[in-house]
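What follows is one structure encoded as structure tokens, with my remarks underneath.
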Number of protein chains: 2
Amino acid sequence: MKDSKPTSLDIAHLAGVSQPTVSRALRNSPLVSKETREKIQAIARELNYKVDVNASNLRSQSTKTLALLLCEDPGDSMINPFFLSMLGSITRAAAKEGYDLLVSFQQLSEDWRADYEDANKANGIIFLGYGDYTQYIDRISRLDQAGAHFITWGPVVPGQPGHFLGCDNTLGAYEATQHLIQLGRKHIAFIGDTSDDCPEFQDRYRGYLKALSEHGLKYNQQLHASANSTETMGFDATQTILERTEPFDSVFCCSDLMAIGTIQCLRENGYSVPDDIAVVGFDDIPTASHMTPPLTTVQQDTIKAGELLVENILSLINGEHIESRLLPPQLIIRKSCGS
Amino acid sequence: MKDSKPTSLDIAHLAGVSQPTVSRALRNSPLVSKETREKIQAIARELNYKVDVNASNLRSQSTKTLALLLCEDPGDSMINPFFLSMLGSITRAAAKEGYDLLVSFQQLSEDWRADYEDANKANGIIFLGYGDYTQYIDRISRLDQAGAHFITWGPVVPGQPGHFLGCDNTLGAYEATQHLIQLGRKHIAFIGDTSDDCPEFQDRYRGYLKALSEHGLKYNQQLHASANSTETMGFDATQTILERTEPFDSVFCCSDLMAIGTIQCLRENGYSVPDDIAVVGFDDIPTASHMTPPLTTVQQDTIKAGELLVENILSLINGEHIESRLLPPQLIIRKSCGS
DNA sequence: TAAGTCGCTGAATACGTATGCACGCTATTG
DNA sequence: CAATAGCGTGCATACGTATTCAGCGACTTA
């Protein structure tokens, strides 16, 4: 019983072979005979031997690790549950490919490539984040120029540097708005930050406008309030609209979190949801189906998204070409729109 | 402009010193003169040089990385928002100490120590999880015997192997229950799995019973239903109690997620919250304050918890002794109990 | 002036693995 | 039988850093 961790050399001695053979055997190299391989693997299992990833990575110059950067305001303890789903599915997808996941919520440095790839901490970077986009775009551009391997979950903006994977926000918003219209709603408020900071919300805004115009409804500036994706911002934006005393019969919220705030605000002002005012959200976070009333919303397939993000980043690492693409959203109809 | 990543040797050449001096300078060793050190650091900054963590770790035999294991059912895409808060605060606390965080949601292997410490992926492991505890306890024991560095967020059970940090669940539940009693509620239902699988809920159960008995109320088996921490389980458990037709005027839910399901169920059965039935939860997840009605609940200080978890695991890594301890909870009074 | 001290630097080496290359052995072919 | 090919293995080395030890100059002290 040795006191220190076993190395491939220890295994080699025990198996009566050389260290390189052990290395090959453990990586299932076809170069080593089946007999030898199994013998070595048995001994390794016996000793509970694990390859030292540092030595392995140093030699092979490739860390089997991905970095996940969550670009949310770190000061706020609230993080969108939607990203938690993504985090879960990305972790699982990465694990399936034999990759570990390094998670960070903050931006300690200006140069992510240096922090992760140059430091050999990770072979690729996945970005996740709602909003505050302009804050990051130059850093992303720099990454692209530096030839880093990274992919961003977000809107596919033509001409933008880097690779993107996102949900078809325009389509999702279009379908949700259309649904409200088909239920007879004519004065549909819109809550969400449509500045360049939030290209995702901009896309949803486009879908909203498209549905309005296709059904002959006029856009009303008075029913539009900016908000980022938190309950509180949704609450406040709704309050703002209510104070304008412009009548409305429904609200399209750019995220479920905002919808939660919106519903709370409407209730506190004496409105019933959905009888007086219908509400739809976006994301289909787990809570959506358990609210009162259950929230009609646009579902993004986080499982699929996580798998594709990992698959794409691995392709990039392997030097393959990938296309930015959009995933189809799905309208989930529940009670909050009164259907 | 070299095409490959700069190494400490490159810096050494440029600075006209040897590689060891570069290594020392970059680690702020007092052995190297201020003059030389600043010169080297300037060049390193210039080249955007980053220490190769693999080489560094290999040499020093210490990865500046912690592993975070989330023991939730991986099949379920729903993850308790409470853990997300913890994840955020742990990430930040780890970053402040210069540690990276490796996150995993699944239990790919039976032997976590081998997976992380022996493989030199991480120096320590932090566990996070609600319930299914018995499923992990033997693995935790094995870790303890193997001398691994790990700490678990959870109840402090005397005699249990390993180190724990948790919230004073008994006290929290006691205060919440007492609050209901003081508001005049006399028939308080209890929702939560009190089997050995959930020692945290067992502690909350104790606090609940203590409050009842101290105020001369009798425990009623009919008002007790088991549930794990999801909205759906909370819904179902509430339905079960309702079907027993035993009258009750309030519910203590072992988690906010269950409270959400409980409130939904009560509403669908025509009860008003809090007028007919008051509800309190546990955790104070972000949604709690934005529900209708806002949820009275027991807050756990996730920021403090994350910091202490990291602080403690680092102490363990440094060979110091640590004591398991409990953090004080705080009752957050909102509208769902009708105060 | 010789011995000792202090401050700084470089030479040598180790960390544990992966891989290019050469080598020996057996089987095949002409 | 010689030449060739194929298979399995070992030798040597490289990955980039951190640390031990020795050395060197300058400076103090007797």
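Side chains included, hydrogens not; waters and symmetry mates left out as well; all remaining heavy atoms used. Residue numbering restarts at 1 for every chain, and letters A, B, ... go by the order of the sequence lines.
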Distance in angstrom units between B/Leu9 CG and D/dA18 P, rounded: 13 Å
Side chain of B/Asp52 (C-beta onward), nearest among D/dT17, C/dG10, D/dT9: D/dT17
Distance in Å, B/Leu69 CG paired with B/Phe150 CZ, rounded so as to fall on 0.5 Å steps: 11.5 Å
Value in whole Å for how far the P atom of C/dT17 lies from NZ of A/Lys64: 17 Å
Sugar-phosphate, base or nothing in reach of B/Ser33, heavy atoms under 4.0 Å: sugar-phosphate
Criterion side-chain hydrogen bond (donor to acceptor under 3.5 Å, both in side chains) on A/Asn28 and A/Gln41, from CA distance to verdict: CA-CA 9 Å; A/Asn28 284 318; A/Gln41 290 182 344; 2.9 Å; yes
Rounded distance in Å - NZ (A/Lys5) to C1' (C/dG16): 11 Å
Side chain of B/Ser8 (C-beta onward), nearest among D/dA12, D/dT17, C/dT9: D/dT17
Sugar-phosphate only, base, or nothing, as touched by B/Thr7 at under 4.0 Å among non-hydrogen atoms: sugar-phosphate
Positions of residues 53-61 of chain B (non-hydrogen atom under 4.0 Å from DNA chain D), listed by number: B/Ala55, B/Ser56, B/Arg59
Separation of A/Asp100 CG from A/Thr65 OG1 (nearest 0.5 Å): 5.0 Å
Distance, rounded to the nearest Å, where A/Lys50 contributes NZ and C/dG16 contributes P: 18 Å
Mutual orientation of the aromatic rings belonging to A/Trp153 and A/Phe82 [parallel < 30°, tilted 30-60°, perpendicular > 60°]: tilted
Sugar-phosphate, base or nothing in reach of A/Arg24, heavy atoms under 4.0 Å: base
Rounded distance in Å - NZ (B/Lys121) to C1' (C/dG16): 16 Å
Check: B/Thr91 side chain, B/Leu87 main-chain N or O, donor-acceptor pair, under 3.5 Å: yes
A/Gln19 vs A/Lys34, nearer the 5' end of DNA chain D by closest nucleotide: A/Lys34
Side chain of B/Thr21 - closest among D/dA12, D/dT9, C/dG10: C/dG10
Spacing of B/Glu38 atom CD relative to C/dC8 atom P, expressed in whole Å: 13 Å
Atom pair distance, as rounded to whole Å: CG in A/Leu31 and P in C/dA18: 14 Å
Sugar-phosphate only, base, or nothing, as touched by A/Val17 at under 4.0 Å among non-hydrogen atoms: sugar-phosphate
Spatial distance of atom CG (B/Leu70) from atom OG (B/Ser104) [nearest 0.5 Å]: 8.5 Å
N/O (side chain, A/Tyr49) to phosphate O (OP1/OP2, C/dG16) under 4.0 Å: no
Side-chain donor-acceptor contact under 3.5 Å, B/Asn120 with A/Lys5: yes
